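In what follows, every heavy atom counts, from backbone to side chain, and hydrogens, waters and symmetry copies are set aside. Atoms within a ligand are numbered from 1 in the order they appear, just like the ligands themselves. Just so we're clear, the structure is a prediction, and the values are computed from it rather than from any experiment.
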Amino acid sequence: RGPSVSLSPPAIRVRPLTCTETRRGDRQVVHSLGDGTVHVSAARHDATFGFSAVFDVGASQEAVFEGSRMRQLVELAIDGFSCTVFAFGQTGSGKTYTLMGPPAQSERRPAAPGLLGLMQRSFACLLEQSRSRGADLALSASYLEIYNEQVRDLLNPGPPCALPLRWSKTRGFYVENQLSVDFESLEAITDLLQQGSQRRRTSAHTLNRHSSRSHALLTIHVCSRAVSACPALGTGGGWGSSKQGVLCFVDLAGSERVKETGSSGELSVEANNINRSLLALGHCISLLAKPRGKRTHIPYRDSKLTRLLARSLGGSGVTLMVACVSPSSRCLSETLSTLHYASRARRVTTRP
Ligand code: ADP
Ligand code: MG
């Protein structure tokens, strides 16, 4: 039997106006009204959306971690469930910030602990839990990016090369030859995250100086081995039941309109690939949102992203979505589209 939660309704995070936006006089058109609603008010738009959790501009990273039920997700992964959290929204809306915090100033000056994102907080929680439960947990991580419809291994120190994405009856979609690195401490997993993120494909453009041009998926494999030690019988520590849980963090590349970001050449090829895979994801989500009886075939095969997310979207996983939006009047149409996207995702139900 599955746990009582399935796909959590999406959480919304509204970031503060950036210095640049404030300087050029952008207005804040997105407000949280408390009670889980977001209000968008601008000249010709006036709309209210309801969600389970809304984090307004003042919300701390800790408040987002605690309020988004992320802790529960970590516990479910330890219990053997396949859990995924993904951040989506326009480029520059705060996805990477929400997942990982602000970029470190330099290697010697990492971000302040209070600013650490959902990922680092989950790692800490996971390691803490594994200590307090006294369970014998084996943890390992893999880290991939999808860049221009190619899957690359971010833990591989060599030059980026594309890995094949395959399907098998027993495993579903999987990436061949991806590295998986064991870790036992917070420092070790934090280093892996740091190293992998530096290999990620980013480009500077008008909306965000460190814009991610790829979708990144960090997966933590949690293998809990319940030891049924019976020393009296001299069996050594035979393994009792073992559980294989997964905790996956997905930092989606931002949607964007090519016109607005001044993308051209290589950048516009990237943008088109990003937009196409986000469209495929949106399409799968809207089909999944239909009542079970009325569902048609779900086209996971339309993009690498949807193939890799098939398990978490398609019913056997527990998924938390965080939709990130900018409060600026200039981002109005993208913000509305993110909020509509998130509203559709609300209706998807899964059976973990
Ligand atoms: P995305 O990953 O969606 O493209 P980022 O996470 O890189 O966007 O955020 C864009 C900019 O806004 C960055 O400079 C980031 O530090 C800042 N930012 C985002 N969210 C917040 C927040 N909640 N509080 C303060 N600054 C934020
Ligand atoms: Mg980003």
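For ligand 1, the polar-atom distance check against Pro103 finds no nitrogen or oxygen pair separated by under 3.5 Å. For a threshold of 3.5 Å applied to N or O pairs, the pair formed by Asp251 and ligand 1 contains no separation below that value. Taking only nitrogen or oxygen atoms, main chain and side chain alike, Tyr97 reaches within less than 3.5 Å of ligand 1. Checking only distances, Lys95 does come within under 3.5 Å of ligand 1, N or O to N or O. Checked against a 3.5 angstrom limit, the closest N/O atoms of Gly92 and ligand 1 fall inside it. Taking any N or O of Ser93, backbone or side chain, at least one lies under 3.5 Å from an N or O belonging to ligand 1.
Residue contacts with ligand 1: Cys324 is excluded, as none of its non-hydrogen atoms falls under 4.0 Å. Ligand 1 lies out of reach of Gly89, whose nearest heavy atom is not under 4.0 Å from it. Taking a 4.0 Å cut-off on heavy atoms, Gln90 registers as neighbouring ligand 1.
Side-chain contact between Ser130 and Ile78 is absent, with no heavy atoms from C-beta onward closer than 4.5 Å. Taking 4.5 Å as the limit, every side-chain heavy atom of Arg301 sits out of range of all side-chain heavy atoms of Pro299.
For the residue pair His221/Ser140, the side-chain donor-acceptor check at 3.5 Å is not satisfied. Side chains of Thr306 and Ser303: a donor on one and an acceptor on the other come within 3.5 Å.
Every atom of ligand 1 is numbered from 1 in the order shown, and the set under 4.0 Å from a heavy atom of Thr91 is 4 (O). Near Thr96, meaning under 4.0 Å from any of its heavy atoms, are these atoms of ligand 1: 2 (O), 6 (O). Applying the 4.0 Å criterion to heavy atoms of Gly94 picks out, from ligand 1, the atoms 1 (P), 3 (O), 5 (P), 6 (O), 8 (O), 9 (O), 19 (C), 20 (N).
Around atom CD of Glu66, more than 12 heavy atoms belonging to other residues, nucleotides or ligands sit under 6.0 Å away.
Inclusion of Thr96 in the first shell of the Mg ion (ligand 2) is supported: an N, O or S atom falls under 2.8 Å.
Between His340 and Phe49, the distance separating the two ring centers is shorter than 6.0 angstrom.
In this structure, CZ in Phe183 is found 4.0 Å from CD1 in Ile220, a value given to the nearest 0.5 Å. Note that CZ of Arg199 is 10.0 Å distant from OG of Ser197, once rounded to the nearest 0.5 Å.
Applying the side chain to side chain contact (heavy atoms under 4.5 Å, CB included) test between His215 and each of Asp251, Leu278, Val151 identifies Leu278 as the sole match.
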